[in-house]
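One-based numbering, in listed order, for ligands and for the atoms of each. Model, not experiment: these values are computed from the prediction.
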Amino acid sequence: MSRYFKYKTAEDLVAGARELGQEIAVADSVEPLFQPLNIGGRTVGNRLVIHPMEGCDGTLDGLPGELTYRRYQRFGAGGAKLIWGEATAVWEEGRANSRQLLLADHTLAALERMLTECRQAHRAAGNNDGDLLVGLQLTHSGRYAFRKPILATHDPLLDPLTQDKSTGRVVDASYPLISDSDLERLIDRFVEAARLVYGLGYDFVDIKQCHRYLLSELLAAKNRPGPFGGSYENRTRLIREVVQRIRAEFPDKLIATRMNAYDGIPYRAMAETRIGTPVIHEPPLVCAWGTSALDHTLEDLEEPIRLVRDLARWGVGLINITLGNPYSNPHIGRPADYPPVDGYLPPEHPLLGVARHFRIAHALQAAVPEVTLVGTGYSWLQEFAGHVAAANVGTGRIALAGFGRATLSHPDFAQALRDEGRFQRKKVCRTFSYCTGLMRAKDHPLGQYETGCPPFDKEVYGPVWKEVEAKRGDAT
Ligand SMILES: Cc1cc2nc3c(=O)[nH]c(=O)nc-3n(C[C@H](O)[C@H](O)[C@H](O)COP(=O)(O)O)c2cc1C
């Protein structure tokens, strides 16, 4: 039984949103999603995007595993025309988990195979792949690097929640920040990584600056001393230099970025109710990008709008807008009826979270209409997600609609929308958070469980979930 999602019809959903003071539009037809779009001289055949969705199913040395290949075959066959390849670390020490993909000499051929199989599957399902764009997300996980946290700055609210697993100690003011010279080296590495990824045939690279990984934390690093902290110019120095250098070397290639437009602050579960509550803090906030310094619940989009405008000027053609921090405030980025095991019960109606995604993405798209934006936050809308996306795209509130969790249960959602005008009911993601639960589960011999959709991709992930539950049972 869903806790919050009780809508039987589109009218119920619209009325439910109104009761919460929100306007959510639902289109009668999904036709607007099937209008092609020109992005930087390339045509993308429809407006449906598969968000980057890492499966944590690579090998210990960063190669895709069999489940990784399977995922991109399923995504390719599924009919969405923009496939945003998952988080792939540019440096070993920047990997978020032991099975995250890594961009390195020894992984290039495998990353090429992932792309080739994705395109082949698209064609084998009867699609033309001339209007399919496939990219790869390049990342450094910074504070969330699994071997050792690498901080861009000292965030007074995140530091107490950050543990250096190599010593078991919680990070404090004595913990060193990544040096300016390492950030200079990282600029070189991102440019080199883009060169490699374009060389493999990917249509775009995403320089990831979201979810409070390293580049996202830099955007918020108002209290970092030196050339990469403090002023807006300094905090955006790294992304500016990376983009400008890639643009100079590859004048015709598509550069993308996935960026946070609002960080918010950490939440924790209240002892008795398990309902999420913001951590105790004293405004003004020191480092929360896109967030009002005096009231963390409010977005302040002045800098995010400025950055979107600057990115477009520097040469970025595609921006995927997202929010929050999956570790410290998961309800912001992934509105869900059921929280992940290590999370908390929703502190707000998930539809308010969805509406926040839409409101912020629309504000950015309206402020900078010349750049193509991808919106996030659709999966919680379950069977109505396609029709809500059609309303947002059809009215120009956003150029493209991205789907995350929904693609694990229903990788062929685009084909279903195209052929049947709706999702297939039995594949609709119900936001149970099993996928996040698998990511957070401990005690896998390789250090990390692979993730997917246990209820709706049962044959593969059902047994994995059972194993996690059995271990949890043993432990308690
Ligand atoms: C299992 C899983 C893996 C994810 N992997 C990535 C990733 O590699 N990069 C990224 O930017 N976001 C990642 N995300 C976030 C999603 O792309 C997306 O922003 C989020 O799920 C909200 O969209 P939705 O409501 O459609 O699910 C991941 C989310 C989940 C649940």
For [atom], what is the closest protein heavy atom, and at what distance to 0.1 Å?
{"atom": "atom 16 (C) of ligand 1", "result": "Met53 SD, 3.6 Å"}
{"atom": "atom 1 (C) of ligand 1", "result": "Met439 SD, 3.6 Å"}
{"atom": "atom 4 (C) of ligand 1", "result": "Glu54 N, 3.6 Å"}
{"atom": "atom 26 (O) of ligand 1", "result": "Ser379 OG, 2.6 Å"}
{"atom": "atom 20 (C) of ligand 1", "result": "Arg334 CG, 3.8 Å"}
{"atom": "atom 23 (O) of ligand 1", "result": "Thr376 CG2, 3.7 Å"}
{"atom": "atom 22 (C) of ligand 1", "result": "Gly333 O, 3.3 Å"}

Only heavy atoms of [X], strictly under 4.0 Å: list the atoms of ligand 1 that pass.
{"X": "Ala87", "result": "8 (O)"}
{"X": "Lys208", "result": "9 (N), 10 (C), 11 (O)"}
{"X": "His51", "result": "17 (O)"}
{"X": "Thr451", "result": "1 (C)"}
{"X": "Cys435", "result": "31 (C)"}

Minimum heavy-atom distance between [X] and [Y], given as atom pair plus value:
{"X": "Leu408", "Y": "Phe75", "result": "CD2-CZ, 4.4 Å"}
{"X": "Met439", "Y": "Glu54", "result": "CE-CG, 3.8 Å"}
{"X": "Gly142", "Y": "His140", "result": "N-ND1, 2.9 Å"}

Query raised in the report: Heavy atom of Ala406 under 4.0 Å from ligand 1?
Result: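 False for this residue.
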**Report entry** Test item, His211 contacting ligand 1 (heavy atom, 4.0 angstrom)
**Finding:**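 The answer is yes, since His211 has a heavy atom less than 4.0 Å from ligand 1.
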Query raised in the report: Is a side-chain donor or acceptor of Tyr202 paired with a backbone partner of Leu111 at a separation under 3.5 angstrom?
Result: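 Yes, the answer is positive, given that a donor and an acceptor are paired below the 3.5 Å cut-off.
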Query raised in the report: For Glu86, does its backbone N or O pair with a side-chain atom of Thr88 as donor and acceptor, under 3.5 Å?
Result: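 Here the side-chain-to-backbone pair exists.
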Classify the side-chain pair [X]/[Y] by whether it contains a donor and acceptor separated by less than 3.5 Å.
{"X": "Trp84", "Y": "Asp206", "answer": "yes"}
{"X": "Gln209", "Y": "Thr257", "answer": "yes"}
{"X": "His444", "Y": "Lys471", "answer": "no"}

Requested in this report: Output all residues satisfying side-chain hydrogen bond (donor to acceptor under 3.5 Å, both in side chains) with Glu348, sequence neighbours left out; order by chain, then residue number.
Outcome: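 With neighbours one apart ignored, the set is Arg356.
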Query raised in the report: Which residues satisfy the salt bridge (Lys or Arg N to Asp or Glu O under 4.0 Å) test with Arg212, sequence neighbours excluded?
Result: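 Applying salt bridge (Lys or Arg N to Asp or Glu O under 4.0 Å) to Arg212 gives Asp155, Glu217, Asp263.
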Query raised in the report: Looking at His357 versus Trp380, is the centre-to-centre ring distance below 6.0 Å?
Result: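 Ring-ring flag for His357/Trp380: false, centres at least 6.0 Å apart.
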Is there a nitrogen or oxygen of [X] sitting under 3.5 Å from a nitrogen or oxygen of ligand 1?
{"X": "Pro52", "answer": "yes"}
{"X": "Glu86", "answer": "no"}
{"X": "Gln137", "answer": "yes"}
{"X": "Arg405", "answer": "yes"}

Query raised in the report: In terms of the angle between their ring planes, are Phe423 and His410 parallel, tilted or perpendicular, with boundaries placed at 30° and 60°?
Result: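 Because their plane-to-plane angle is over 60°, the rings of Phe423 and His410 count as perpendicular.
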Requested in this report: Check Arg258 against ligand 1 and report side chain, backbone, both or neither, counting heavy atoms closer than 4.0 Å.
Outcome: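 Just the side chain.
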